[in-house]
Structure formats: C-alpha cells, structure tokens
Amino acid sequence: MEKLLAKQSHLFRFTPKGHATLGLIGGASYFLLVEHREHLFQFLPYLILLLCPSMHLFMHHGHSRLHHQSSSSEENEAYRRGCEVGQKNAKDKREC
C-alpha cells in the first residue's frame, strides 16, 4: 500500500505544476464553451465524422493475433485437415 501511495505522489497531476496545468486547461475549456459556443457548434458535424476513424483505431484492438493463438488444439487440427483436403481437391481438379 505504501508503494502505491509513493508512486502516486510522483505522478505529474499531483505536482504543483500538474495542478496549474489542469487549472489552465479547465479555464481555457470554460472560456471556449461560454464565449465561443456558436463557433464550436459549427464544427460539431466534423467532429462526429472524426469519431469514426478514431473508433476504428482505438476500439478494434481485439483483432490481434492473440485471439487466434488462444483457440483449442482440436480446432487447429480440424482447420489443418480441412486445408489438406482442399489442397488435395484442387490438385485433383487440375489433373483433369
């Protein structure tokens, strides 16, 4: 528990500079939302369109090779046998 607290104290957001940065970001965000609301709303459709590629980049992390490595050995064996049968059938058709 002590290690966790010691590690958290070294994070940037818990330092005085981190607090100042967060305050500056918060103040700028408030100013943009209050004073320039109509300017932000005109770009809203473009922001929604930008969400599509962002979602594809960050939410499709499940399509990795790790998913295929975790399949059972029976499924791998069935796949291998199916490939061999398919190759044999293709070879037989070429010989005709």
Side-chain angles (χ1 to χ4, degrees):
M1 184 71 174
E2 292 175 13
K3 289 182 181 180
L4 180 63
L5 292 175
K7 187 176 182 179
Q8 284 182 348
S9 65
H10 295 293
L11 293 175
F12 178 73
R13 64 179 173 208
F14 294 120
T15 64
K17 288 182 182 179
H19 289 295
T21 303
L22 289 174
L24 184 64
I25 291 171
S29 299
Y30 175 77
F31 177 73
L32 283 172
L33 288 174
V34 171
E35 297 294 328
H36 296 281
R37 186 175 307 160
E38 56 274 346
H39 300 297
L40 292 175
F41 286 149
Q42 75 184 18
F43 292 111
L44 188 61
Y46 300 112
L47 292 175
I48 292 171
L49 288 174
L50 285 175
L51 281 176
C52 295
S54 301
M55 287 173 47
H56 283 286
L57 286 174
F58 297 112
M59 295 181 73
H60 283 290
H61 57 83
H63 297 295
S64 65
R65 289 195 160 280
L66 296 175
H67 174 71
H68 298 293
Q69 291 175 352
S70 66
S71 61
S72 69
S73 61
E74 292 176 6
E75 290 176 5
N76 289 337
E77 182 65 26
Y79 179 77
R80 187 186 60 77
R81 279 187 272 126
C83 286
E84 290 174 354
V85 170
Q87 289 173 349
K88 182 181 175 187
N89 289 343
K91 185 179 178 182
D92 291 342
K93 286 183 181 181
R94 278 187 256 146
E95 291 176 358
C96 291

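Atoms considered below: every heavy atom in the structure, side chains included; atoms not considered: hydrogens, waters and symmetry mates.
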J.: Could you work out, with ring-ring contact (aromatic ring centres under 6.0 Å, His included) as the rule, every residue matching H39, not counting sequence neighbours?
T.: H36
J.: Once you round to the nearest 0.5 Å, how far does CE of M59 lie from CG of L51?
T.: 10.5 Å
J.: How would you list all residue pairs meeting side chain to side chain donor-acceptor pair (under 3.5 Å) that involve residues 79-89, not counting sequence neighbours?
T.: E77-R80, R80-E84
J.: Mind checking side chain to side chain contact (heavy atoms under 4.5 Å, CB included) for I25 and listing every partner two or more places apart, or none if nothing turns up?
T.: T21, S29
J.: Determine the minimum heavy-atom distance between E38 and E35, stating which atoms define it.
T.: OE2-O, 3.8 Å
J.: Transitive ILVMFWY cluster of L44 at side-chain heavy atoms under 4.5 Å: who else is in it?
T.: I48
J.: Give, for atom NZ of K17 and atom CG of L22, the distance between the pair rounded to the nearest 0.5 Å.
T.: 14.5 Å
J.: Run through the side-chain heavy atoms of Ile, Leu, Val, Met, Phe, Trp and Tyr, join any pair under 4.5 Å, and report what else lands in V34's cluster.
T.: Y30
